[in-house]
Amino acid sequence: MSRSDDTQVRKVVAGACAGGAVLCLALLAMQAFGSAPPPEPGSARFTLGPLFWPSGAYNVVPSSTSGLMILMAPAAAAWGFSVHVRCSDAQIRHCLKGVALLVGLWMLNVILKYRYPIDDPQLIALLWYLYYVPMTLIPLLCLLCALRASALDARPWARLLRRAAWALSIAIIALVLTNSVHLQVFSFDISRPDWQDAYAYNWGYCLAVAVYVAEYLGFFAFLFVASRRRLHGAIALLLMAALPFGAYCLMYVLRHEFAVRTNFSLNYCLVVVALLELALDFGLLPSYSWYDEAFSRLPLDLKVLARDGSVAFATNVAGPMPAPVLDLALRVARSQARERVTRVRTSAIPHALFKVYDVSGGAALLTEDVAPLDERHRVLAERQERLRRSNEVLRHESSLRHELWRLESERRLLASVEGSISDKVGRMRELLATLPKGGDAADRARRRDMLTEVKLLVAYCKRKGALVLSERSDPEFDRDRLQLVFNETASDLRSIGVDCAAAVSLESELPATVVSVLYDCLYDVASVALFATDPILMIFVSGDEKGVGMRAALDAAWVDAARLEAAASSLREDLADSGGSLSLQLSPTSLNAAVRVRVGGVVRQGGGAS
């Protein structure tokens, strides 16, 4: 404990002792000189015996227990000081010290009323009404203590409940103190000699009692919420002590002879203080004897700051506090926003994490050593950087492989198209060189057939050349684009007398290499239809995730058998090079071919597998 803290505690102790002593002496003076009977001749003027011990076998009314009430005043002051020392929560500590103060003032009021000679009925009634000031405020303070202990006081409904309880208590006090005007709490005839006993309760008294009962029930309910499971038995002990007192209060309200003959004020204060002390001892309310010493021995770098920036408590291992962190802690302490925790780091103290918690009256600052975490973060950052560089290398390698595959695919496609076009150009030259020169009908028919084949070969070369160009600009063929290619071929076939139609149904795009294989197969079938009689050719292309298929159906009145065999052989060769499959049915007047090409297989063949 620091020297300033020790001085503050000594001041509190001295003040409590001085206040208790002055109050005790004042009560003793009133007891001794205010209403003591005149001394008999030859006897002592002042004796302490009658002050503390009542005379008679059963005479414990307030006027005969003033000695116990005199002792209750310094006892309440001592209990209030012990609460100041033990209770760690500022709000609960203030409420409990308020209870101790109200107990002392209540005892003073009772002694004034019963032991001091007063003849004015209005003053006697006012002293009677003043009973209800502590009687109203003590249950309210108990309720506020339990509400704070349950950690529910910051919620909106709790704030509303607190304001409503204060407003209702103030209204009850005002109603009781002005009872002589309206008689809505107690009704009596002050002109009668026995007016202090002949009175009746009105609705104001019922309201006050209902509020007291509700506040004490709330006190126990919130204590139950605040207690852990192992402390629920302590709540039961408090209830066992409170229930008989509740029965006693009910007997007093009903003006039972036994309860009325007792000192209700003294008993009330004793029971309330005893219940609050039990709640402190059981831990239902925060109670830590010399908690600052226990706090200082915590193995944490922890400091509790007041709103002005001063350090209220600090552990023995607490280190320095940088100015930026202090400013942040002060902002948290003064702000209205209730956040669970605020984290901050500063370069002034490396490898340290500062956590600022909002507490009642200030802020708590916890400093954690995060050097192991920083080392792990450094290792993880280095590993992440290595992985990032590895990913960059892999990404570059992948792009390079893809570029090599594209170039290889272009080369293979170009070689394939070049070979195909070279053969077809040679065939066109051969046909053009052997065109018949005669003018008879047979030569004209043969010349027309040869030129028709040349036209088909030119269209084939044009399509294959377009595939090479598309491989560089737009190598993927979707359904619309492939439909356009097949429709153009079908249009060319119809222009030379082949009744042809084509349909395409695709859900994905096809590479140019696959389209080249399909076009080769289409030309193989078209070369048969070109020299058939009344040919009808139907083409249907469909695809799925595994590959693409093309079905070609040729039906004619007459088909050249040699060209059928040549087309079948050409289909097998084209599909053998591309890794596809062929299902072929031939007849003297028809050809049915089902071609299946795996897209991945063509890609691996064209570009190679990486």
Side-chain angles (χ1 to χ4, degrees), residues 12 16 72-107 134-155 158 161-162 165-166 169 211-250 264-292 294-295 359-361:
V12 173
M72 186 65 184
W79 180 75
F81 170 71
S82 71
V83 167
H84 175 81
V85 173
R86 290 181 295 160
C87 187
S88 58
D89 188 273
Q91 294 185 16
I92 297 178
R93 184 168 63 246
H94 294 332
C95 291
L96 293 179
K97 289 192 293 185
V99 171
L101 177 62
L102 290 172
V103 168
L105 295 177
W106 196 352
M107 296 299 100
M135 194 181 299
T136 303
L137 295 180
I138 286 176
L140 172 61
L141 295 177
C142 293
L143 175 65
L144 296 181
C145 289
L147 184 62
R148 174 66 177 176
S150 63
L152 300 174
D153 56 322
R155 301 192 178 183
L161 174 63
R162 186 165 56 246
W166 274 108
S169 298
V211 171
Y212 303 157
V213 172
E215 287 175 343
Y216 279 122
L217 290 178
F219 170 74
F220 286 104
F222 286 124
L223 281 186
F224 185 84
V225 174
S227 64
R228 297 179 293 274
R229 180 174 298 178
R230 63 185 182 86
L231 293 179
H232 288 173
I235 301 287
L237 293 178
L238 263 68
L239 286 174
M240 290 174 61
L243 288 177
F245 178 69
Y248 166 75
C249 293
L250 180 61
F264 176 80
S265 301
L266 179 62
N267 295 335
Y268 185 95
C269 294
L270 286 174
V271 172
V272 170
V273 171
L275 290 177
L276 292 175
E277 180 62 26
L278 288 175
L280 287 168
D281 292 338
F282 288 144
L284 299 173
L285 297 178
S287 175
Y288 305 97
S289 298
W290 309 109
Y291 56 88
D292 52 347
F295 182 88
V359 297
S360 177

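Just so it is clear, the structure is predicted and the values come from calculations on it, not from any experiment.
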For [X], side chain to side chain contact (heavy atoms under 4.5 Å, CB included) partners two or more places apart:
X: V211; result: L168, I172, L207, E215
X: S82; result: W79, R86
X: S150; result: L147, L152, F222, V225, A226
X: L102; result: P134, L137, I138, L141

How many angstroms lie between [atom1] in [X] and [atom2] in [Y], if you round to the nearest 0.5 Å?
X: M72; Y: C269; atom1: CE; atom2: SG; answer: 5.5 Å
X: C145; Y: L284; atom1: SG; atom2: CG; answer: 12.0 Å
X: L143; Y: L217; atom1: CG; atom2: CG; answer: 10.5 Å

Heavy-atom pair with the smallest gap, counting every atom of [X] and [Y]:
X: M135; Y: F264; answer: CE-CE2, 3.9 Å
X: N267; Y: F245; answer: O-CE1, 4.0 Å
X: G80; Y: A100; answer: CA-CB, 3.9 Å

**Study point:** Donor-acceptor under 3.5 Å (R148 side chain, I92 main chain)
**Key:** no

Exercise for review: Report yes if some heavy atom in the side chain of L285 is under 4.5 Å from a heavy atom in the side chain of C87; otherwise report no.
Suggested key: no

Review point. Side chains of Q91 and L144: does their closest heavy-atom pair fall under 4.5 Å?
Key: no

Exercise for review: List in chain and number order the residues that pass ring-ring contact (aromatic ring centres under 6.0 Å, His included) with Y212, two or more places apart in sequence or in another chain; answer none if no residue qualifies.
Suggested key: none

Practice item. Please test F224 against L239 for side-chain contact (heavy atoms from CB on, under 4.5 Å), starting from the C-alpha separation and ending with a verdict. Key: CA-CA 11 Å; F224 185 84; L239 286 174; over 6 Å; no

**Study point:** Mutual orientation of the aromatic rings belonging to Y216 and F219 [parallel < 30°, tilted 30-60°, perpendicular > 60°]
**Key:** perpendicular

Practice item. Go through the steps to decide whether V271 and Y248 satisfy the test side-chain contact (heavy atoms from CB on, under 4.5 Å), and finish with yes or no. Key: CA-CA 11 Å; V271 172; Y248 166 75; over 6 Å; no

Practice item. Evaluate the criterion side-chain contact (heavy atoms from CB on, under 4.5 Å) for residue pair L276 and V83; output intermediate values, then yes/no. Key: CA-CA 10 Å; L276 292 175; V83 167; over 6 Å; no

Check your understanding: Yes or no on side-chain contact (heavy atoms from CB on, under 4.5 Å) for V272 and V103, after CA distance, side-chain angles and deciding distance?
Key -> CA-CA 10 Å; V272 170; V103 168; over 6 Å; no

